[in-house]
Every structure is written in structure tokens, then in C-alpha cells.
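Below is one structure, written out as C-alpha cells; comments come after it.
All figures in this text were calculated on a predicted structure; none of them were measured in a lab. Residue numbers start at 1 and run along the sequence shown.
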Amino acid sequence: MKHRGKHPQDKQLFGQQTQLWSLQEAVRDLSFLLDRGYAEKSASELVGNRYRLRKRQKKALLLMSSGQEAQANRLNKQIPAEMLAGETLYIDGYNLLIGMEAALSKGYLLECEDGQIRDLASVHGSYKKVMETQKAIEIMGQALLELEVEKAHWIFDRPISNSGKLKQEMLQMAQENNWPWEVTLAFNPDKELVELNQLTASSDAWILDRVDRSFNFMSYLVRNYVPDAELISLYEMA
């Protein structure tokens with residue numbers, strides 16, 4: 001069983017001060033262009049090439065950047081932790097689980113301009129547990145109890161293999177710990193979360209821009225339960 005930690009190139013791409021300075025300038029430039037209506041894909045390619053960013057650095061650039069209007073919109077719809085008591089929280093399953101696995105595995109996390117914390121890990125077609133999976137679920141379960149969430153409704157991608165097995169394992173853990181959880185599989189969780197339009201936990205920008213209420217669960221988890229996470233914060237460099 002493996003970890004979901006750093007990519008072999010990550011220390012070279014994100015572990016050096018000169019690389020982070022370039023990324024910081026690139027994020028500023030891309031956010032400036034997004035504010036002026038430039039298309040995200042073409043603008044990110046233009047900025048990434050200007051600063052000679054590598055593929056994973058360009059991915060980080062896209063994740064970290066957002067225009068001021070988008071930032072304000074997401075922040076205005078964000079519910080503080082102290083207001084979650086008694087709420088039903090709909091959770092973007094793999095988005096949160098993989099993020100926590102990466103945090104516990106010492107993978108690099110990105111502090112983004114909209115206040116979200118995002119990771120560089122991804123799942124393509126198949127999900128495989130890692131050494132930190134159980135601990136990640138346990139931490140999220142404990143956090144939801146302490147937040148006094150009435151019910152957590154997890155939604156995972158049905159097309160990704162092993163989702164059914166993960167669902168059963170999470171339901172078993174919920175039963176053993178008396179967690180008020182529901183776990184469902186959907187062909188398109190992003191679309192389903194937007195259509196449900198309930199209080200949602202996700203760091204996915206597309207979802208955050210379309211739901212009326214959100215909770216920045218990943219940031220809450222990292223700051224309260226994984227204080228030694230490898231967090232790349234360009235704003236502390238300013």
C-alpha cells in the first residue's frame with residue numbers, strides 16, 4: 001500500500017525559493033487577466049509559458065488563481081464553522097478524501113487566492129487506498145462530530161473503480177462510530193452537488209461558483225488537524 005505524497009518532481013518544482021517566486025508572480029498575472037475576462041485556459045497557458053513553468057507548476061497556477069469577483073463571490077457564500085451545528089453537509093467525496101490523504105502523506109498543498117486549500121493529487125479511472133486513508137476518514141469523522149453536523153452526505157464518483165468498496169467501508173466505519181453519514185455514488189458528483197444546491201463541502205471552483213452555501217472543510221481540517229502539512233502559501237512571501 002502506497003502513500004499519496006509528493007510527486008518525484010515536486011521538490012524540484014515547489015521546494016526551491018526561486019520556483020516559488022516565479023509561481024507567485026504567475027498567480028498574480030493570471031488573476032489579473034481573469035479579472036479582465038480572459039479565458040482561463042488560454043490565459044493560463046500564456047502566463048505559464050511566460051514564466052517557463054513546468055506541467056505540474058501550470059496545474060498549481062490554475063488551482064491557485066482566481067479573479068477578485070470570483071474570490072468575493074465564494075467568500076460571501078461561505079458558512080463559518082460555528083454555524084454548522086444542526087446542518088446537513090453534502091461532501092464532494094474524492095475531493096475531500098484525496099486532499100486529506102495528500103495532507104497526511106506530506107504531499108504539497110496549495111493555499112489559493114480564494115481561501116481554499118487544494119492538492120495536486122488526482123485519481124484517473126481507479127481509486128486505490130493508501131496508508132493514510134483510514135486516518136483521513138477518522139479525522140473527518142471526528143471533525144464532523146465536533147462541528148455538530150446533523151448529517152454528512154458523501155457523494156463519490158460511480159465510474160471510478162473501487163468506489164463501491166470504499167462506500168461500504170465508509171458506511172461500516174460510520175456504523176462503528178455512530179457517525180450520522182450517508183454515502184452515495186453518482187455518475188457526475190459535481191453536477192449532482194450543484195443541482196442539489198445544499199450546504200456543500202468542496203474545494204472545486206466550478207462547484208463553489210454554483211452553489212448558494214459552502215463550507216471550507218479542507219482548510220478547516222488542515223489547520224485544525226494537520227498543522228504540519230506541507231502548505232505552499234505564496235502570501236506569506238509577500
Side-chain angles (χ1 to χ4, degrees), residues 23-24 26-48 57-81 83-84 87-100 102-103 109-124 140 147 149 152-160 184 186-223 231-235:
L23 183 58
Q24 182 185 54
V27 168
R28 287 175 176 170
D29 285 3
L30 179 54
S31 296
F32 176 88
L33 293 176
L34 293 175
D35 264 331
R36 280 146 186 80
Y38 282 75
E40 184 180 69
K41 185 176 181 180
S42 57
S44 65
E45 193 65 23
L46 174 68
V47 173
Q57 292 171 320
K58 288 181 179 180
K59 180 178 180 180
L61 170 64
L62 265 174
L63 290 171
M64 299 182 82
S65 304
S66 55
Q68 291 184 3
E69 184 178 349
Q71 293 172 36
N73 177 53
R74 294 168 195 171
L75 185 60
N76 288 337
K77 297 187 293 186
Q78 196 167 288
I79 304 300
M83 292 183 62
L84 260 70
E87 292 274 7
T88 295
L89 183 65
Y90 285 76
I91 302 174
D92 186 359
Y94 281 125
N95 179 274
L96 268 296
L97 177 57
I98 291 171
M100 277 298 290
L109 304 178
L110 310 170
E111 184 175 15
C112 304
E113 288 212 309
D114 60 0
Q116 298 289 326
I117 291 178
R118 299 183 173 97
D119 63 89
L120 287 160
S122 58
V123 170
H124 299 288
M140 291 187 288
L147 289 165
V149 170
H153 191 131
W154 297 78
I155 302 180
F156 289 91
D157 303 63
R158 182 180 294 275
I160 293 178
T184 61
F187 284 103
N188 189 336
D190 293 5
K191 182 180 178 182
E192 180 154 330
L193 286 165
V194 168
E195 290 177 348
L196 286 166
N197 198 18
Q198 300 295 319
L199 178 58
T200 302
S202 176
S203 64
D204 187 299
W206 188 85
I207 294 173
L208 295 175
D209 288 340
R210 289 164 175 79
V211 296
D212 290 338
R213 297 193 304 156
S214 67
F215 174 54
N216 192 344
F217 197 17
M218 186 64 190
S219 181
Y220 178 87
L221 289 166
V222 170
R223 299 193 187 286
L231 183 63
I232 297 175
S233 178
L234 303 181
Y235 315 104

Does any non-hydrogen side-chain atom of [Y] lie less than 4.5 Å from one of [X]?
X: R28; Y: Q24; value: yes
X: Q78; Y: R213; value: no
X: R74; Y: S66; value: yes
X: Q68; Y: L34; value: no
X: V211; Y: Y90; value: no
X: D114; Y: L75; value: no
X: F156; Y: P189; value: no

key: R158 vs T184, side chain to side chain contact (heavy atoms under 4.5 Å, CB included): CA-CA, chis, key distance, verdict   = CA-CA 9 Å; R158 182 180 294 275; T184 61; over 6 Å; no
inquiry  = Is it the case that over 12 heavy atoms from other parts of the model lie below 6.0 angstrom from the OH atom of Y220?
reply    = yes
Please round to the nearest 0.5 Å and tell me the distance separating atom [atom1] of [X] and atom [atom2] of [Y].
X: E195; Y: D190; atom1: CD; atom2: CG; answer: 11.0 Å
X: E87; Y: L199; atom1: CD; atom2: CG; answer: 5.5 Å
X: E40; Y: L61; atom1: CD; atom2: CG; answer: 9.0 Å
X: S219; Y: Q116; atom1: OG; atom2: CD; answer: 7.5 Å
X: L84; Y: F217; atom1: CG; atom2: CZ; answer: 8.5 Å
X: W154; Y: L96; atom1: CH2; atom2: CG; answer: 5.5 Å

Main-chain N/O of [Y] paired with [X] side-chain donor or acceptor, under 3.5 Å:
X: D119; Y: A102; result: no
X: S65; Y: L62; result: no
X: N95; Y: S203; result: yes
X: E69; Y: G67; result: no
X: N188; Y: K191; result: yes
X: T200; Y: Q198; result: yes
X: N216; Y: G115; result: yes

- request: List the steps and the verdict of side chain to side chain contact (heavy atoms under 4.5 Å, CB included) for L231 and L110.
  value: CA-CA 6 Å; L231 183 63; L110 310 170; over 6 Å; no
Would you call D212 and K77 a salt bridge, taking side-chain N to carboxylate O under 4.0 Å as the test?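 Salt bridge absent between D212 and K77.
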Which atoms form the tightest heavy-atom contact between [X] and [Y], and what is the distance?
X: L30; Y: S44; result: CD1-N, 3.7 Å
X: I207; Y: D92; result: CD1-OD2, 3.5 Å
X: L109; Y: G99; result: CD2-O, 4.2 Å
X: L208; Y: S202; result: CD2-O, 3.3 Å
X: L120; Y: K59; result: O-NZ, 2.9 Å
X: P80; Y: F215; result: C-CE1, 4.5 Å

Open item on the list: Applying side-chain hydrogen bond (donor to acceptor under 3.5 Å, both in side chains), can you list everything that pairs with T88, at least two apart in sequence or on another chain?
Closed with: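 Expected list: none.
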With N76, which residues qualify under side-chain hydrogen bond (donor to acceptor under 3.5 Å, both in side chains), at least two apart?
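By the side-chain hydrogen bond (donor to acceptor under 3.5 Å, both in side chains) rule, N76 matches no residue at all.
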Start with the C-alpha gap between D209 and N73, add the side-chain angles, then the distance that decides, and say whether side chain to side chain contact (heavy atoms under 4.5 Å, CB included) holds. CA-CA 7 Å; D209 288 340; N73 177 53; 4.1 Å; yes
task: Take M100 and L221 through the side chain to side chain contact (heavy atoms under 4.5 Å, CB included) test and state the conclusion after the steps.
output: CA-CA 8 Å; M100 277 298 290; L221 289 166; 3.7 Å; yes
Derivation and outcome, salt bridge (Lys or Arg N to Asp or Glu O under 4.0 Å), residues E111 and R118: CA-CA 7 Å; E111 184 175 15; R118 299 183 173 97; over 6 Å; no
inquiry  = Could you tell me if E113 and S31 have a donor-acceptor pair between their side chains, going purely by distance under 3.5 Å?
reply    = yes
_NZ or CZ of R36 within 45° of F32 ring axis and under 6.0 Å_ = yes
